[in-house]
Amino acid sequence: MASGSGSLMWFRKGLRIHDNPALEYAAKGTRFLYPVFVIDPHYMEPDPNAFSPGSPRAGLNRIRFLLESLVDLDLSLKKLGSRLLVLKGEPSEVLIRCLKEWDITKLCFEYDTEPYYQALDLKVKTGASTAGIEVFSPVSHTLFNPADIIHKNGGRPPLSYQSFVKLAGQPSWASSPLSITLSSLPHVGDVGSCEISEVPTIEELGYGESPQDCFSPFRGGESEALKRLRESIADKVWVATFEKPKGNPSAFLKPATTVLSPYLKFGCLSSRYFYQCLQDVYRNVKRHTSPPVSLVGQLLWRDFFYTVALGTPNFDQMRGNRICKQIPWNDNDELLATWREARTGYPWIDAIMVQLCKWGWMHHLARHSVACFLTRGDLFVHWEKGRDVFERLLIDSDWAINNGNWLWLSCSSFFYQYNRIYSPISFGKKYDPNGDYIRHFLPVLKDMPKEYIYEPWTAPLSVQTKAKCIIGRDYPKPVVPHDSESKECRRKMAEAYTLNQKLKGVVSEEDLKNSRRKLEEHPEQEAKTKRIRQKPVG
DNA sequence: ACTGGGTTGAGGTT
DNA sequence: AACCTCAACCCAGT
């Protein structure tokens, strides 16, 4: 049994030293500090049945990003005279055992709004409180406290960005200095009989050799986050003129955005620190862009989705979600698989899906393109299926933001202009007429002339032969014809909207079944859409 | 009941 | 690069 008063700092997200209120409080006035990370097998252990390498919950790129973040955190803690204690098991069981074993009087961890953590944290808090242990769980992942905003709005979250911004106002801590550096931390006490390990490697977790070209180019960790932040804000003109919708989704050698999202997701970077750095830049320039398109605007989008997600039961599904339109999506796993496996036959769509698999990151507008294509634009597959794929493969996948954006793009909530469909051909072409992005991520098309690279099935056979890429053999034909299928999707969306209006949003499983039947009562039209119009090869 | 704004469509014309 | 038109809105907030 360890002696004296001890604090336990439980890291989950918030994998950083700077601006970490829970860590600061844990370190204050204590003899021993135990910084802990618990490896939840469900999140970390290999799942041989998953469609991509990784655990049941996360693809390998995100697991790797997390491990890199933990190694960096451990290094930083060591510089401060401490270290990271890594434990394995069901987190609440592991923690409650540690609390007893180490004679802890103070338990600190960052407040989290995700349903998974809300349930877990309640268990841990109850356990700790019953044992007379002080629990400190501050809000430090977001700019605002989502619960405060919901309360301010009378118990329901604001459902538009503008009303959210108005309601939120200035962040209360905006002008107060944040704690950016710590000079030292209390020692780690005796760990008793608890099984402590170093941060495991990917191999130690049971993952074999993975293909070299599937490594994300983005490295995890607070050090990397702060370096990236410094590089991003060094160009003051770029920061001051940043407009998200004007970014180029096909830029990959130098992405058009900061790529700070994965660092914000794991809390390697404090959103409040990022916010203050941006305000510093704004103060030193004549004019700057504003929300929603500015960089500060992006941080507010993040808080917006966190707030709506916290205040909306069943936010991550269609059924029982009061802000989600009930739409008779089809349940076609065949179509889903072509999308997921980057073989839709639309090079712009497939290249983006390859970037998702290999990098775990793609530009916001690229995400829009493929999300629209899967759901209301072409395939009419349920947004929850696409959400699952993103949630697994993105290194920055964030429960509130990912679900919020899928609701948005599928015209299920927030955004309702279902007539605006991204063209899988012309949208990418306007940014990258030469098709360099496609050539990079789909090397099979690297010699296709630019006239045909967005629609290779229209290339004469002689051109296909010369490019060493025969469509239908080396690269697939389009899974559906965009022109007719997008029209069909518009029709289905219009029907679904009418139904939702008629039934005032209370749409039963039976209503959806009937709706599906009704929508498919046009066999000739259906047959027509299945055929793919293309120039005869040769 | 009304108002007004909706981060980022496509394809055409000026 | 800015501005229509397409076919036609939707809904959150007040």
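Chain naming here is simple, since letters A, B, ... match the order of the sequence lines and numbering starts at 1 in each. This structure is a prediction, so every number in the text was calculated from the model and none was measured.
Residue contacts for A:K430: at a heavy-atom cut-off of 4.0 Å it reaches the sugar-phosphate backbone alone, with no base atom in range. Here A:K487 lies out of heavy-atom contact (under 4.0 Å) with every strand.
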Which pairs, protein N/O on one side and nucleotides 8-11 of chain C N/O on the other, fall under 3.5 Å?
from   : atom 1 : to     : atom 2 : distance (Å)
C:dC11 : OP1    : A:K325 : NZ     : 2.1

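A:F414 pairs with exactly one of A:W406, A:W301, A:F164, A:F305 by the ring-ring contact (aromatic ring centres under 6.0 Å, His included) rule, that one being A:F305. Across A:Y273, A:F65, A:F218, a single residue satisfies ring-ring contact (aromatic ring centres under 6.0 Å, His included) together with A:Y263, and that is A:F65.
C:dC9 and C:dT5 have their C1' atoms separated by 15 Å, given to the nearest Å. With both ends at atom P, the span from B:dT8 to C:dA2 equals 16 Å, rounded to whole Å. Taking atom C1' in both B:dG6 and C:dA8, one finds a spacing of 15 Å when rounded to whole Å.
Rounded to an integer number of Å, the gap from CG of A:L407 to P of C:dA12 is 13 Å. Counting to the nearest Å, the P atom of C:dT14 and the CG atom of A:L159 are 12 Å from each other. Atom CD of A:Q162 is separated from atom P of C:dG13 by 11 Å (rounded to the nearest Å).
Between A:Y306 and A:H141, the ring planes lie perpendicular to each other; the angle is over 60°, past the 30° to 60° tilted range. Between A:F304 and A:Y161, the angle of the ring planes goes over 60°, which puts this pair in the perpendicular group of the 30/60° scheme.
In DNA chain C, the stems built from three or more successive Watson-Crick or G-U pairs (distances below 3.5 Å) are B:1-6 with C:9-14, B:9-14 with C:1-6.
Partners of A:Q276 according to the side-chain contact (heavy atoms from CB on, under 4.5 Å) rule, which considers only residues two or more places apart in sequence or in another chain, are A:W173, A:L178. Not counting sequence neighbours, the partners of A:S261 by the side-chain contact (heavy atoms from CB on, under 4.5 Å) test are A:W361, A:D396. Under the salt bridge (charged side-chain N to carboxylate O under 4.0 Å, His left out) criterion, A:E243 pairs with A:K246, sequence neighbours left out. A:E510 meets the side-chain contact (heavy atoms from CB on, under 4.5 Å) test with A:S508, A:K513, A:N514; sequence neighbours excluded.
Residues A:E384 and A:R319 are not paired through a salt bridge, judged by the lack of any N-O separation under 4.0 Å between the basic side chain and the carboxylate. Note on A:R491 versus A:E488: salt bridge recorded, some NZ/NE/NH1/NH2 to OD/OE distance being below 4.0 Å. Taking 4.0 Å as the cut-off between side-chain N and carboxylate O, A:D112 and A:K13 count as a salt-bridged pair. A salt bridge does not link A:D447 with A:R439: none of the charged nitrogens is closer than 4.0 Å to a carboxylate oxygen.
Proximity of residues 247-265 of chain A to DNA chain B (heavy atom under 4.0 angstrom from any strand atom) is not detected for any residue. If you check residues 315-324 of chain A against DNA chain B, you find no residue with a heavy atom closer than 4.0 Å. Shown for residues 289-299 of chain A: residues whose heavy atoms fall under 4.0 angstrom of DNA chain B, namely A:P292, A:V293, A:Q298.
A:S163 has a side-chain polar atom (N or O) that falls below the 4.0 Å cut-off from OP1 or OP2 of C:dG13.
By the 6.0 Å contact criterion, NZ on A:K446 is open, its count of non-hydrogen atoms from other residues, nucleotides or ligands being 12 or less. The number of heavy atoms from other shown groups lying within 6.0 Å of NZ (A:K466) does not exceed 12.
Every pair passing side chain to side chain donor-acceptor pair (under 3.5 Å) that includes a residue from residues 216-225 of chain A is listed here, sequence neighbours excluded: A:H18-A:E222, A:E68-A:R219, A:D72-A:S223. Each ring-ring contact (aromatic ring centres under 6.0 Å, His included) pair with one or both residues in residues 472-499 of chain A, not counting sequence neighbours, appears once here: A:Y418-A:Y497.
In the 5' to 3' direction, nucleotides of DNA chain B lying under 4.0 Å from heavy atoms of chain A begin and end at B:dG6 to B:dG11.
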Exercise for the section: Check step by step if salt bridge (Lys or Arg N to Asp or Glu O under 4.0 Å) holds for A:K492 and A:E485. Expected result: CA-CA 10 Å; A:K492 289 180 183 170; A:E485 209 68 349; 5.6 Å; no
Practice task
List the steps, then state whether side chain to side chain contact (heavy atoms under 4.5 Å, CB included) holds for A:D350 with A:W339.
Solution key: CA-CA 7 Å; A:D350 293 339; A:W339 178 81; over 6 Å; no
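Counting heavy atoms from C-beta on, the side chains of A:I327 and A:S410 never come closer than 4.5 Å.
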